[in-house]
*Asks:* 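Once you've had a glance at the structure underneath, I'll fire off some questions.
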Amino acid sequence: MTGGGSSSPRLLVPVGRAVGIKLFSDGVMVVGFSQIPAAGGQAVPAKTCGLREGDVITHINASEVDTIEEVQAELAKVGGEEMSIRALREGKPLQVTAQAVKCSTDGSYKLGAWLRDSMAGIGTVTYYDPATGEFGALGHGINDVDTALLMPLETGGILSATVTDVKKGQRGEPGELHGDFDLSADIGSLWANTPHGVYGSLFQKDLVRMDPLEVATMDQVETGEALIYSNIAGEEVRSYTVEITKLHPDASDGRDLTVKVTDPALLKVTGGIVQGMSGSPIVQNGRLVGAVTHVLVGDPTQGYGILAENMLKTAESCQKGQNNGNSQIVSND
């Protein structure tokens with residue numbers, strides 16, 4: 001079980017390594033609609049039946065669907081007959097009746113919905129818990145790129161990554177890390193994608209290079225100098241100076257503090273905080289404070305961070321049954 005509860009301080013290992021992250025959704029998300037050319041004219045059955053962008057289709061008739069291929073197979077089986085579609089909308093179940101149309105272009109039956117069922121990208125592991133073998137990463141959720149909604153997680157994993165280059169951030173245009181992934185084997189599994197980070201179990205301990213640190217509570221964090229640990233080249237994790245400029249004790253969105261990059265070496269390479277650095281652990285006074293989560297688009301030298309204690313609380317609640325997830329392979333069906 002991850003989380004607090006004991007009187008002794010929690011000890012976690014800061015990681016700071018960039019990894020490949022892949023997620024497969026629990027259901028298939030509707031991310032858009034398109035008109036299907038049919039014998040009776042243009043049609044969009046998915047929209048006509050009442051589905052909306054962001055809905056997650058979980059069943060067609062009695063069959064569970066988690067992939068685009070499974071949706072396509074069910075549509076081919078049902079043909080032009082009416083079907084029952086079960087879905088989730090903002091976590092609540094709904095059921096609609098739809099009728100696919102035969103596309104005059106390729107002869108297949110389609111709903112006219114753009115669907116997404118998986119996602120892959122790069123992010124940073126924040127901590128490893130030596131007591132449980134679990135890890136936390138990113139400090140924020142992985143959202144669908146079209147709907148900006150968090151998708152429920154079916155399965156997922158992390159892969160070893162090597163950072164190959166950096167697109168430097170500038171005002172109005174966030175930068176990003178680019179990397180190569182080792183696709184031969186997962187080094188960890190994911191069991192939760194939440195607004196406060198992604199969580200899983202680590203199979204290989206090669207990422208774990210530092211000593212455990214005590215987790216800071218909000219009242220132990222102060223404005224002033226701190227360090228972040230990031231992997232912006234190859235597989236090397238280095239520490240860089242930042243300043244915690246503001247604390248947000250009443251934040252509920254994971255933006256618990258504001259940080260400003262002050263390290264000349266990091267500013268020279270990245271311009272500040274870039275995409276892919278999310279999850280970089282923040283350390284102050286020998287304690288693990290939390291993780292970098294967001295960059296300010298108007299000023300890439302600044303961004304937000306989440307407290308490690310809040311990441312732990314989220315992980316604990318997920319272990320009690322609140323699992324969520326995300327996606328990136330697109331199809332028009």
Side-chain angles (χ1 to χ4, degrees), residues 12-23 119-129 134-143 156-167 169 174-182 186-188 190 192-202 204-210 213 226-242 254-257 259 261 263 265-266 269-283 288-295 300 303-308 310-312 314-315 326:
L12 299 176
V13 180
V15 178
R17 270 289 300 274
V19 294
I21 300 176
K22 59 179 183 178
L23 298 97
M119 185 169 190
I122 190 169
T124 299
V125 177
T126 305
Y127 68 78
Y128 169 73
D129 187 341
E134 297 167 359
F135 69 88
L138 297 184
H140 61 71
I142 302 176
N143 293 342
I158 61 171
L159 307 163
S160 292
T162 301
V163 178
T164 55
D165 64 272
V166 180
K167 176 187 173 184
E176 60 184 354
L177 300 181
H178 298 151
D180 290 334
F181 303 154
D182 180 357
D186 290 359
I187 61 172
L190 293 180
N193 174 33
T194 81
H196 292 166
V198 298
Y199 302 91
S201 300
L202 196 63
Q204 299 180 14
K205 308 302 188 294
D206 293 347
L207 302 183
V208 184
R209 304 286 177 87
M210 289 183 267
L213 297 179
L227 296 174
I228 63 170
Y229 287 84
S230 292
N231 173 196
I232 63 169
E235 298 179 0
E236 180 186 19
V237 177
R238 290 184 54 189
S239 64
Y240 301 96
T241 57
V242 298
R255 303 185 187 202
D256 300 322
L257 49 90
V259 296
V261 176
D263 196 292
L266 186 59
V269 176
T270 66
I273 300 167
V274 299
Q275 295 173 7
M277 283 174 59
S278 293
S280 296
I282 305 169
V283 173
L288 177 62
V289 169
V292 174
T293 57
H294 298 84
V295 60
Y304 292 103
I306 184 173
L307 290 175
N310 288 338
M311 292 182 70
L312 285 171
T314 299
N326 206 309

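As a basis for the values below, the full set of heavy atoms in this structure was taken, side chains included, without hydrogen atoms, waters or symmetry mates.
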*Asks:* So do the side chains of Asn193 and Leu23 get within less than 4.5 Å of each other, counting heavy atoms only?
*Replies:* yes
*Asks:* Assess whether salt bridge (charged side-chain N to carboxylate O under 4.0 Å, His left out) is satisfied between Asp186 and Lys22, documenting all intermediate values.
*Replies:* CA-CA 10 Å; Asp186 290 359; Lys22 59 179 183 178; 3.0 Å; yes
*Asks:* Stepwise, does the side chain to side chain contact (heavy atoms under 4.5 Å, CB included) test hold for Val289 with Leu307?
*Replies:* CA-CA 6 Å; Val289 169; Leu307 290 175; 4.1 Å; yes
*Asks:* Which atoms form the tightest heavy-atom contact between Val125 and Ala137, and what is the distance?
*Replies:* CA-CB, 3.8 Å
*Asks:* Which heavy-atom pair separates Gly272 from Thr270 by the least distance, and what is that distance?
*Replies:* O-OG1, 2.6 Å
*Asks:* Does a side-chain heavy-atom distance below 4.5 Å link Leu190 with Phe135?
*Replies:* yes
*Asks:* Between Leu202 and Asp129, is there a side-chain heavy-atom distance shorter than 4.5 Å?
*Replies:* no
*Asks:* How many angstroms lie between atom OG of Ser230 and atom CZ of Arg238, to the nearest 0.5 angstrom?
*Replies:* 10.5 Å
*Asks:* Quick one: closest heavy-atom pair of Val15 and Tyr128, and the distance?
*Replies:* CG2-N, 3.7 Å
*Asks:* For Ile228 and Thr241, what are the C-alpha separation, side-chain angles and deciding distance, and is it a side chain to side chain contact (heavy atoms under 4.5 Å, CB included)?
*Replies:* CA-CA 6 Å; Ile228 63 170; Thr241 57; over 6 Å; no
*Asks:* Are Val261 and Ile273 packed together at the side-chain level, in the sense that at least one heavy-atom pair is separated by less than 4.5 angstrom?
*Replies:* yes
*Asks:* So, taking the atom named OG1 in Thr162 and the one named NE2 in His178, what distance separates them when rounded to the nearest 0.5 Å?
*Replies:* 15.0 Å
*Asks:* Answer yes or no: is there a donor N or O on one side and an acceptor on the other, between the side chain of Thr314 and the main chain of Gly197, under 3.5 Å?
*Replies:* no
*Asks:* Working to the nearest 0.5 angstrom, can you tell me the gap between Thr126 OG1 and Leu288 CG?
*Replies:* 8.0 Å
*Asks:* Can you give me the closest heavy-atom contact between Ala161 and Phe181, atom names plus distance?
*Replies:* CB-CD2, 3.7 Å
*Asks:* Could you state the interatomic distance from CD1 (Ile158) to CG (Leu207), rounded to the nearest 0.5 Å?
*Replies:* 6.0 Å
*Asks:* Could you check if a side-chain atom of Val242 sits within less than 4.5 angstrom of a side-chain atom of Leu227, using non-hydrogen atoms only?
*Replies:* no
*Asks:* Are Tyr229 and Val283 packed together at the side-chain level, in the sense that at least one heavy-atom pair is separated by less than 4.5 angstrom?
*Replies:* yes
*Asks:* Do the non-hydrogen side-chain atoms of Tyr304 and Asp256 ever get within less than 4.5 Å of each other?
*Replies:* no
*Asks:* Can you name the nearest heavy-atom pair linking Val259 to Ile282, along with the distance?
*Replies:* CG1-CD1, 4.1 Å
*Asks:* Taking all heavy atoms of Met311 and all of Gly136, pick out the closest pair and write down the distance.
*Replies:* CE-C, 4.1 Å
*Asks:* Would you mind reporting whether Val13 and Leu213 have side-chain heavy atoms less than 4.5 Å apart?
*Replies:* no
*Asks:* Calculate, to the nearest 0.5 Å, the distance between atoms CD and CE belonging to Gln275 and Met277 respectively.
*Replies:* 11.5 Å
*Asks:* Show the numbers, then the answer: is there a side chain to side chain contact (heavy atoms under 4.5 Å, CB included) between Val274 and Leu177?
*Replies:* CA-CA 7 Å; Val274 299; Leu177 300 181; 3.8 Å; yes
*Asks:* Measuring from atom CZ of Arg255 to atom OG1 of Thr293, what distance do you get when rounded to the nearest 0.5 angstrom?
*Replies:* 6.5 Å
*Asks:* Answer with yes or no after comparing the ring centroid distance for His196 and His140 against a 6.0 Å cut-off, counting only values under it.
*Replies:* no
